[in-house]
Amino acid sequence: MAAPWRRFPVDLSASLRDSGALAEYLFNSLTDFSLRYYPINLDVKDRVVVIVGGGAVAARKAARLLAAGARVTVVAPTLVPRLAELAAQGKLVHLPRPYLPGDLAGALLAFAATDAPEVNREVAEEARSLGVLVDLVADPRSGDFTTPAVLSRGELLITASTSGASPGLSRRIIEELEPLFDDEYAKSVMLLGRAREKLLTEKGRTAYNERVFAVLEALDLHRLVKNGQLEALDQILLKLSESGAAPGPEGANKKDPS
Ligand SMILES: C[C@@]1(CC(=O)O)c2cc3[nH]c(cc4nc(cc5[nH]c(cc(n2)[C@H]1CCC(=O)O)[C@@](C)(CC(=O)O)[C@@H]5CCC(=O)O)C(CC(=O)O)=C4CCC(=O)O)c(CCC(=O)O)c3CC(=O)O
Ligand SMILES: NC(=O)C1=CN([C@@H]2O[C@H](COP(=O)(O)OP(=O)(O)OC[C@H]3O[C@@H](n4cnc5c(N)ncnc54)[C@H](O)[C@@H]3O)[C@@H](O)[C@H]2O)C=CC1
């Protein structure tokens, strides 16, 4: 879709004098609030991901993919230092040449991240023909997915996306959340996860499982974690594990199937 202001019906300079008219026009064009992207958390561990392009954007994508355990191949004649270092350390495979059709074979995902729009389009075409999902970093609306700004604390993952509208805003939103979700959240989430794993029952015990969630949520473990109240935490954990022999023939220690 073309940017709405390109279709602004009156002379732009006149409208700017008439303060408020442009914003109002743009707001009026905002009629569809439905979800444009379907959010998922993808397990890329040991999966092949091909990044075409070796610039700053490719480096950002590669770092996050490697952190998530992907096997990254970068196809590019030149690499920024950060990528060159990762290649020298053997953390990713570098094909030091321009993109060639066939480079996406076996990939789960592809990133078209060169500064050459026609190359990015070729990458997208190959991806489409192979059924590989592709992110066109410079032309998000033509691709299959976009990547959000990320805050991660252990198993806690918070992401922000503006559906391509303002990546800078996504980043600022995450920066605002960072102090609220401090590093200690990694510990709290881990404790809650382990306790939940221990206490949940097999299928058919929904009411019991819901009670367990309610108890866990009410515990405010994070306050204790943050204040370093390890004794209080131990007491809670011991109490939970005593009462952890959940009712039912299947017993406890099972993951929630839902
Ligand atoms: C579609 C998408 C691509 C995709 O999905 O790969 C995309 C596209 C584009 N970004 C552009 C510019 C900037 N990108 C950033 C930063 C980030 N960009 C990221 C994602 C995305 N950027 C996806 C949509 C995300 C969403 O919907 O919100 C972040 C969140 C995560 C990540 O990179 O993985 C990462 C935060 C890094 C961090 O958290 O550390 C900054 C700010 C900065 O660098 O500080 C700027 C300058 C300020 C600005 O423009 O806002 C341009 C214009 C290029 C040009 O002008 O030439 C395009 C192309 C276009 O818009 O056409
Ligand atoms: N998604 C995002 O967050 C952002 C996207 N962009 C856009 O993304 C694109 C890439 O940005 P940067 O990484 O900053 O670019 P860059 O100019 O730093 O890097 C471009 C890379 O593409 C490689 N390349 C060029 N032709 C190639 C080919 N035929 N085959 C393989 N590799 C090739 C170059 O060797 C270089 O490594 C630009 O179009 C830019 O406008 C820019 C900023 C942010």
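For clarity, every value in this text was computed on a predicted model and none was experimentally measured. Residue indices begin at 1 and follow the sequence shown. Reckoned from all heavy atoms, side chains included, excluding hydrogens, waters and symmetry mates.
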Quiz prompt | Pairs involving residues 116-167, ordered by first then second residue, that meet ring-ring contact (aromatic ring centres under 6.0 Å, His included) (sequence neighbours left out) | solution = Phe111-Phe145
Quiz item: In the single-linkage hydrophobic clustering (I, L, V, M, F, W, Y; side-chain heavy atoms under 4.5 Å), do Phe27 and Tyr25 co-cluster?
Solution: no
Quiz item: How would you list, by chain and number, every residue that makes a salt bridge (Lys or Arg N to Asp or Glu O under 4.0 Å) with Arg194, sequence neighbours excluded?
Solution: Glu155
Practice problem: Over all heavy atoms of both residues, which pair between Val48 and Gly106 is shortest? Give the atoms and the distance, please. | Solution: CB-O, 3.7 Å
Self-check item: Atom CD of Glu118: over 12 foreign heavy atoms under 6.0 Å
Solution: yes
Quiz item: Which pair of non-hydrogen atoms, one from Thr114 and one from Asn120, has the smallest distance, and what is that distance?
Solution: OG1-OD1, 2.8 Å
Quiz prompt | 4.5 Å side-chain heavy-atom contact, Val132 and Leu108 | solution = no
Self-check item: Contact summary for Tyr185 and His222, nearest pair of heavy atoms
Solution: CE1-NE2, 3.0 Å
Quiz prompt | Member of Asp183, Asp182, Asp220 meeting the side-chain hydrogen bond (donor to acceptor under 3.5 Å, both in side chains) criterion with Lys226 | solution = Asp182
Self-check item: Atom of Ala127, atom of Val134 and distance for their closest heavy-atom approach
Solution: CB-CB, 3.7 Å
Quiz prompt | N/O donor-acceptor pair under 3.5 Å between Asp103 side chain and Leu100 backbone | solution = yes
Quiz prompt | Close side-chain approach of Arg153 to Lys187, heavy-atom, < 4.5 Å | solution = no
Quiz item: Do you know the tightest heavy-atom contact between Leu136 and Ser142?
Solution: CD1-O, 3.8 Å
Quiz item: Which atoms form the tightest heavy-atom contact between Val137 and Ala113, and what is the distance?
Solution: CG2-CA, 3.6 Å
Quiz item: Got Leu191 and Leu237 here, is their nearest side-chain heavy-atom distance under 4.5 Å?
Solution: yes
Quiz item: Are Ile236 and Lys239 close enough that some pair of their side-chain heavy atoms sits under 4.5 Å apart?
Solution: no
Can you list, pair by pair, the side-chain donor-acceptor contacts under 3.5 Å of residues 49-77, counting residues two or more places apart and other chains?
| unit_1 | atom_1 | unit_2 | atom_2 | d |
| --- | --- | --- | --- | --- |
| Lys61 | NZ | Thr147 | OG1 | 2.7 |

Quiz item: Do Asp139 and Arg121 sit within salt-bridge range, that is, some charged N less than 4.0 Å from a carboxylate O?
Solution: no
Practice problem: First locate atom CD1 of Ile158, then atom CZ of Phe181, and finally report the distance between them rounded to the nearest 0.5 Å. | Solution: 4.0 Å
Exercise. Decide yes or no for Ile174 and Val150: does some side-chain heavy atom of the first lie under 4.5 Å from some side-chain heavy atom of the second?
Key: no
Quiz item: Any link between Leu169 and Leu35 through a network of hydrophobic side chains (Ile, Leu, Val, Met, Phe, Trp, Tyr) touching at under 4.5 Å?
Solution: no
Quiz item: Is any side-chain heavy atom of Leu26 closer than 4.5 Å to a side-chain heavy atom of Leu22?
Solution: yes
Quiz item: Should we say atom CD of Glu24 is surrounded by more than 12 heavy atoms from elsewhere, each under 6.0 Å from it?
Solution: no
Self-check item: Any Leu233 side-chain heavy atom under 4.5 Å of Leu221 side chain
Solution: yes
Quiz item: Quick one: does Glu122's side chain have a donor or acceptor within less than 3.5 Å of a partner on Pro101's backbone?
Solution: no
Practice problem: Hey, could you give me the CG/CZ distance between Leu42 and Arg47, rounded to the nearest 0.5 Å? | Solution: 8.0 Å
Quiz item: Looking at side-chain heavy atoms only, is the closest gap between Arg171 and Glu176 below 4.5 Å?
Solution: no
